[in-house]
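The structure appears right after this line, and notes come after that.
Proteins get letters first, then strands, A, B, ... in listed order; numbering begins at 1 in each. The shown structure was predicted, so the numbers you read here are calculated from the model rather than taken from an experiment.
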Amino acid sequence: MGKARRPVQIIVLLCIVILGAYAINSAVAGRSSDKPVVGGKPPAMKLLGLDGKVHTLDEYKGKALVINFWATWCTYCVNEMPALQKQWEKWRDQGVVVLGINTGEDRMTVTNFTQQLGTDFPIWFDFDNEAVRDYGVVPMPTTFFVDKTGRIASIREGELNLSTLDTQIQQLVQTEG
Amino acid sequence: MALIENTKCECGHQNRVGTVLCESCGKPLDNSGESQALLEMRYDGVARRSQRVNPNFIDRIWNFFSSVKVAVYLILFTLLGAMLGTIFEQESNFINFDPSTFYKNKYGQIGEIYYKLGLSHTYESWWFVLLLVMIGASLVICSLDRVLPLYKALSKQRIRKHLQFLTRQKVVYQGPIHEGEETDWVERAVKPLRRKRYRVHAEKDALLAEKQRFSRWGPYIIHIGLIVFLLAVLFRGLPGLHLDQHYWFPEGEKTKISGTNLYLENEKFTVEYYSQDEMSEDFRKTGKEVPKMFETKAILYECTANCDDPSKQPQLREVKRHAIQVNDPLSYKGLSAYQFDFDLTPKLRSVQPVLVNKVTGEQYGKFKLEMNNPQQEFKLGPYTLELKNKFLDFSLNEQGQPISKSKDPNAPAFLFLVKGPDIPEEGSQFIYFPKQIDKERFQQDAINEKLGGLQNKLQIDVLGMEDVDFIASSSYLNIRIDRAMPFVWLGLGIVMLGLIMSFYWQHRRIWLRIDDGILTLGAHTTKNWFGMRREVSSFLAAMGIEADEKSLENGGK
């Protein structure tokens with residue numbers, strides 16, 4: 001009878017250890033809420049693009065991403081738009097995608113704005129501010145740099161100038177998947 | 001050589017290490033043989049499963065958690081930890097704040113230390129959760145270690161127990177029986193015991209009567225309930241099980257609750273303030289206005305189609321209506337919406353102006369101009385208005401270009417391309433500020449003069465307030481989903497069941513044997529010894545033996 005007990009003991013202890021580790025981990029992780037962190041994966045999004053089609057991040061698998069949260073009424077966002085467009089033109093052939101997430105504005109406003117500025121990188125509409133919530137964006141602009149393996153390499157809050165953008169993207173491209 | 005306890009009983013049964021009373025005949029294994037002390041009847045004297053001669057590593061862990069003493073310490077430490085978390089408010093009480101400065105500013109040095117020690121999030125800290133997990137482990141192992149041997153011991157009880165087992169019970173009677181009655185005494189004893197609802201097992205000259213054994217399982221049922229409770233509490237953080245978010249719900253709008261397929265509409269928000277005479281003199285002087293009641297008439301919708309496709313309008317079906325007040329949330333399938341705050345700043349939703357020919361005085365329209373997602377083309381009489389751009393919070397930047405300062409319609413402006421009679425073929429631009437104050441502030445006419453001079457020919461006008469639609473207020477609701485709650489209640493329910501089982505019933509047993517005309521009776525109960533003595537006394541009386549209740553008390557001498 002002593003022999004039959006051993007596996008039971010081990011199984012029970014293993015269950016406790018696994019469940020316990022999970023509970024501790026999720027409690028500690030839950031504290032920092034679900035905001036994405038450097039080294040983590042960008043939360044999934046399913047949004048309508050400026051092109052009228054529905055998009056998800058899966059389309060850009062294997063590419064480096066510069067996800068920029070912006071709005072037309074945000075001066076700093078508007079200021080960095082030309083820099084983003086320049087970098088998009090410079091790096092797009094090397095598997096870098098600049099992705100603008102417009103936060104809660106309507107189609108006309110965004111279309112007019114992009115036409116005026118002449119930007120042509122993809123822009124998605126976050127009508128319900130769901131992505132803003134999932135990404136924990138507080139100040140605008142906030143930019144997430146995602147490397148080709150799909151990990152967040154850095155998160156930058158505030159306006160980015162051409163040279164910082166360039167170095168950031170340079171680093172992204174170097175960390176090959 | 002290490003001392004190996006002799007665990008073989010005189011009846012020939014080989015007991016396991018840690019056994020107090022022989023598993024078979026019940027003879028006390030305390031070796032002295034002389035002792036008359038009361039028996040240790042816990043777990044019916046059987047060894048806990050983890051008690052071993054040579055415990056190895058796993059046995060030691062098992063033993064650690066199996067110990068009641070350890071469990072008590074774990075509970076004490078958990079209580080202590082939980083108390084620490086009540087000293088200052090926890091981080092989870094706040095929505096947006098910076099804990100690194102908050103505690104220092106509010107409580108000074110102590111607050112700083114409190115924060116640095118991580119006590120500002122006591123209940124989410126690794127050590128607190130670890131304590132809970134250890135209590136859980138202790139519950140599981142304690143129970144397994146005891147309930148299985150106990151179950152075995154109780155399900156195969158020998159009827160004829162060792163004489164010492166009987167005489168060292170707490171309730172004992174020993175005395176001669178009338179001559180000639182030896183043979184059928186046991187047989188006759190069955191009936192009165194059955195009348196007292198005992199299950200009776202009789203042999204030739206020995207008997208075991210037992211009732212309400214199930215109450216022995218009460219503590220283990222409690223443990224199961226506590227385990228369910230703990231699991232529910234520890235795993236409410238699983239994705240989809242828990243949500244705690246705050247949203248603004250503008251009046252009259254359907255707002256999506258992210259992470260669900262539900263939409264909530266704030267149909268009407270009302271707030272009532274305390275009147276002057278309801279306030280005390282002192283309070284009136286402060287000049288504060290205090291809301292007495294605020295209420296959101298809310299409608300909850302469930303999305304039935306196109307929910308996951310942002311290019312289409314979702315199809316919504318009303319599932320619940322409720323007037324949400326403080327402490328009276330809307331509840332639907334585990335989701336609760338609590339009143340949290342409100343904002344009474346009105347926001348323009350839409351205007352319905354008309355187009356006026358200034359020369360003839362003719363009016364065309366009304367046409368509806370929404371602040372968000374406005375229609376882009378309006379045909380009004382002979383004129384066509386094409387909406388080219390809009391600025392919800394109109395301003396001019398340093399380069400003199402029109403921009404919007406925010407996303408709120410504080411100073412909305414609409415730029416149209418107007419085509420029609422007396423207007424150049426390619427059309428002429430015209431800016432329109434729905435708010436009168438903005439028209440003057442930004443000089444609508446002056447701008448239009450520069451744009452194409454239409455201000456002398458045409459005018460866009462709102463005729464009356466009924467053509468202006470405001471979002472009168474916004475309600476701030478706390479949306480919570482706690483799908484673990486039913487399991488918490490289930491766990492507590494099981495605990496209650498276990499408590500009732502072990503509180504209101506007692507496992508009572510009576511053993512008796514007749515040796516050479518001498519009756520020996522021992523009785524045991526899990527509690528209520530008075531009741532047990534009374535029952536034995538009345539049973540003996542039924543058998544023709546006078547035994548005073550008090551005289552049955554063995555007292556352990």
Side-chain angles (χ1 to χ4, degrees), chain A residues 1-2 5-6 8-10 12-13 15-17 19-34 45-49 52-56 71-75 78-79 103-109 111-113 115-116 124-134 138 140, chain B residues 16 49-50 52 58-59 61-62 65 91-92 96 121 123-130 132-134 136-137 140-141 144 230-231 233-235 237-239 242 245 255-256 258-259 308-312 370-374 376 387-393 397 401 403-408 415:
Chain A
M1 134 161 194
R5 260 161 45 203
R6 176 80 45 194
V8 176
Q9 278 185 332
I10 293 173
V12 169
L13 285 177
C15 283
I16 291 169
V17 168
L19 287 174
Y22 186 85
I24 293 171
N25 186 42
S26 64
V28 174
R31 197 168 67 229
S32 55
S33 74
D34 305 326
M45 313 187 245
K46 189 172 182 186
L47 298 174
L48 186 65
K53 292 187 190 116
V54 178
H55 297 278
T56 62
T72 64
W73 46 265
C74 146
T75 323
V78 175
N79 289 348
T103 57
E105 292 183 281
D106 60 24
R107 173 172 278 282
M108 185 179 70
T109 312
T111 313
N112 280 334
F113 181 82
Q115 279 172 2
Q116 209 176 317
W124 298 356
F125 294 100
D126 185 19
F127 292 125
D128 299 322
N129 282 322
E130 280 195 276
V132 169
R133 219 169 246 277
D134 291 345
V138 183
M140 270 204 287
Chain B
R16 293 196 295 119
R49 290 193 68 166
S50 60
R52 283 173 173 244
I58 289 173
D59 291 321
I61 300 176
W62 201 261
F65 282 112
E91 284 171 33
S92 56
N96 282 319
H121 45 75
Y123 308 113
E124 291 86 34
S125 57
W126 65 268
W127 56 268
F128 190 79
V129 179
L130 181 68
L132 292 180
V133 170
M134 283 169 80
V140 172
I141 292 174
L144 282 179
L230 263 182
L231 284 176
V233 170
L234 289 176
F235 292 99
L238 282 178
H242 184 66
Q245 294 272 22
T255 309
K256 186 171 185 199
S258 69
D308 210 20
D309 189 345
S311 64
K312 290 182 188 143
E370 304 251 17
M371 297 300 130
N372 274 315
N373 284 314
Q376 304 220 14
L387 184 60
K388 297 308 283 183
N389 213 342
K390 74 170 178 49
F391 309 92
L392 289 182
D393 198 351
N397 65 7
Q401 290 162 328
I403 54 156
S404 185
K405 275 193 301 187
S406 75
K407 61 183 168 181
D408 299 318
L415 182 68

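Both the backbone and the side chain of L130(B) come within less than 4.5 Å of a heavy atom of chain A. For a residue to count as touching a neighbouring chain, one of its non-hydrogen atoms must lie under 4.5 Å from one of that chain's; by this rule L132(B) does not touch chain A. Looking at L47(A), only its backbone comes within 4.5 Å of chain B, counting heavy atoms on both sides. Interface remark: L387(B) contributes backbone and side-chain atoms alike to the contact with chain A (heavy atom separation under 4.5 Å).
Between F128(B) and Y123(B), the angle of the ring planes goes over 60°, which puts this pair in the perpendicular group of the 30/60° scheme.
Distance alone, capped at 3.5 Å, places no donor-acceptor pair between the T56(A) side chain and the M45(A) backbone. For the pair T109(A) (side chain) and E105(A) (backbone), a donor-acceptor distance under 3.5 Å is absent. Without hydrogens or angle criteria, D128(A) side chain to T255(B) main chain gives no donor-acceptor distance under 3.5 Å. The backbone N or O of A131(A) sits less than 3.5 Å from a side-chain atom of D126(A), completing a donor-acceptor pair.
Counting heavy-atom pairs closer than 4.5 Å to chain A, the top-ranked of the candidates N372(B), N389(B), V133(B) is N389(B). For the options K390(B), K405(B), Q245(B), heavy-atom pairs under 4.5 Å to chain A are most numerous at K390(B). For the set W127(B), F235(B), F65(B), the entry with the most heavy-atom pairs within less than 4.5 Å of chain A is F235(B). Among the candidates N112(A), N129(A), T75(A), the residue making the largest number of heavy-atom pairs closer than 4.5 Å to chain B is N112(A).
Of all heavy-atom pairs between Q9(A) and I58(B), the closest is OE1-CG2, 3.7 Å.
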